[in-house]
Amino acid sequence: KFPHDTNEIILSSNTALYSYPEIHAKELLVLDVGTTLSVLHNWEISKSEKWVRVELASNKFLDDPNKTLKGWIKM
């Protein structure tokens with residue numbers, strides 16, 4: 001169960017990051033276990049399908065400026 005007032009999550013398994021909240025959406029990348037994400041938005045499609053818009057932590061000085069930083073994960 002995902003609490004709606006959470007601002008940050010840490011992944012407990014490898015998780016796909018999608019371009020929009022749809023299982024057939026383009027998969028942007030796979031996030032590793034332990035990745036810390038900031039929660040931007042919760043989206044509940046149905047009782048059994050919940051999505052979260054997230055942003056990856058980044059170092060703006062060291063990271064590639066073209067690196068994907070935002071996307072959707074299915075909860």
Side-chain angles (χ1 to χ4, degrees):
K1 199 164 190 176
F2 183 75
H4 288 283
D5 60 351
T6 300
N7 295 327
E8 190 175 88
I9 55 177
I10 298 173
L11 298 177
S12 60
S13 63
N14 290 350
T15 303
L17 184 73
Y18 293 96
S19 56
Y20 60 94
E22 161 69 44
I23 201 69
H24 300 293
K26 180 182 177 189
E27 190 175 298
L28 301 173
L29 53 106
V30 176
L31 305 171
D32 295 327
V33 171
T35 300
T36 301
L37 305 167
S38 296
V39 175
L40 303 174
H41 183 71
N42 295 303
W43 184 264
E44 186 172 325
I45 294 173
S46 66
K47 289 285 184 198
S48 63
E49 190 172 357
K50 294 173 180 49
W51 290 81
V52 180
R53 173 92 167 139
V54 295
E55 182 173 25
L56 284 75
S58 70
N59 183 325
K60 292 184 184 354
F61 297 109
L62 299 177
D63 286 346
D64 178 349
N66 298 319
K67 177 181 174 184
T68 299
L69 296 176
K70 294 181 183 176
W72 292 87
I73 59 172
K74 188 173 188 315
M75 299 302 288

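Numbers here are sequence positions counted from 1.
The side chain to side chain donor-acceptor pair (under 3.5 Å) search around Trp72 returns none, not counting sequence neighbours. Partners of Lys26 by side-chain contact (heavy atoms from CB on, under 4.5 Å), not counting sequence neighbours, listed by chain and number: Ser19, Leu28. Contacts of Glu27 classified as side-chain contact (heavy atoms from CB on, under 4.5 Å), with partners at least two apart in sequence or in another chain: Ala16, Tyr18, Val30. In terms of the side-chain contact (heavy atoms from CB on, under 4.5 Å) criterion, residue partners of Thr35 (sequence neighbours excluded) are, by chain and number, Leu11, Leu31, Asp32, Leu37. In this view, Val33 and Asn14 satisfy the side-chain contact (heavy atoms from CB on, under 4.5 Å) rule, not counting sequence neighbours. By the side chain to side chain donor-acceptor pair (under 3.5 Å) test, Ser12 pairs with no residue at all, sequence neighbours left out. For Ser48, the side chain to side chain donor-acceptor pair (under 3.5 Å) test picks out Ser46, with sequence neighbours left out.
From Arg53, atom CZ reaches atom NZ of Lys70 across 6.0 Å, with rounding to the nearest 0.5 Å. Of the inter-residue distances, the one linking Met75 atom CE with Glu44 atom CD reads 12.0 Å to the nearest 0.5 angstrom. Atom CD1 of Ile10 is separated from atom OG1 of Thr36 by 4.5 Å, given to the nearest 0.5 angstrom.
Asn7 places none of its side-chain heavy atoms less than 4.5 Å from the side chain of Val39.
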Apply the test side chain to side chain contact (heavy atoms under 4.5 Å, CB included) to residues Leu40 and Val54: give CA-CA distance (whole Å), side-chain angles for both, the deciding distance (0.1 Å), then the verdict. CA-CA 5 Å; Leu40 303 174; Val54 295; 5.8 Å; no
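In terms of hydrophobic clustering, with Ile, Leu, Val, Met, Phe, Trp and Tyr side chains grouped at heavy-atom distances under 4.5 Å, Ile73 and Leu29 are assigned to a common cluster.
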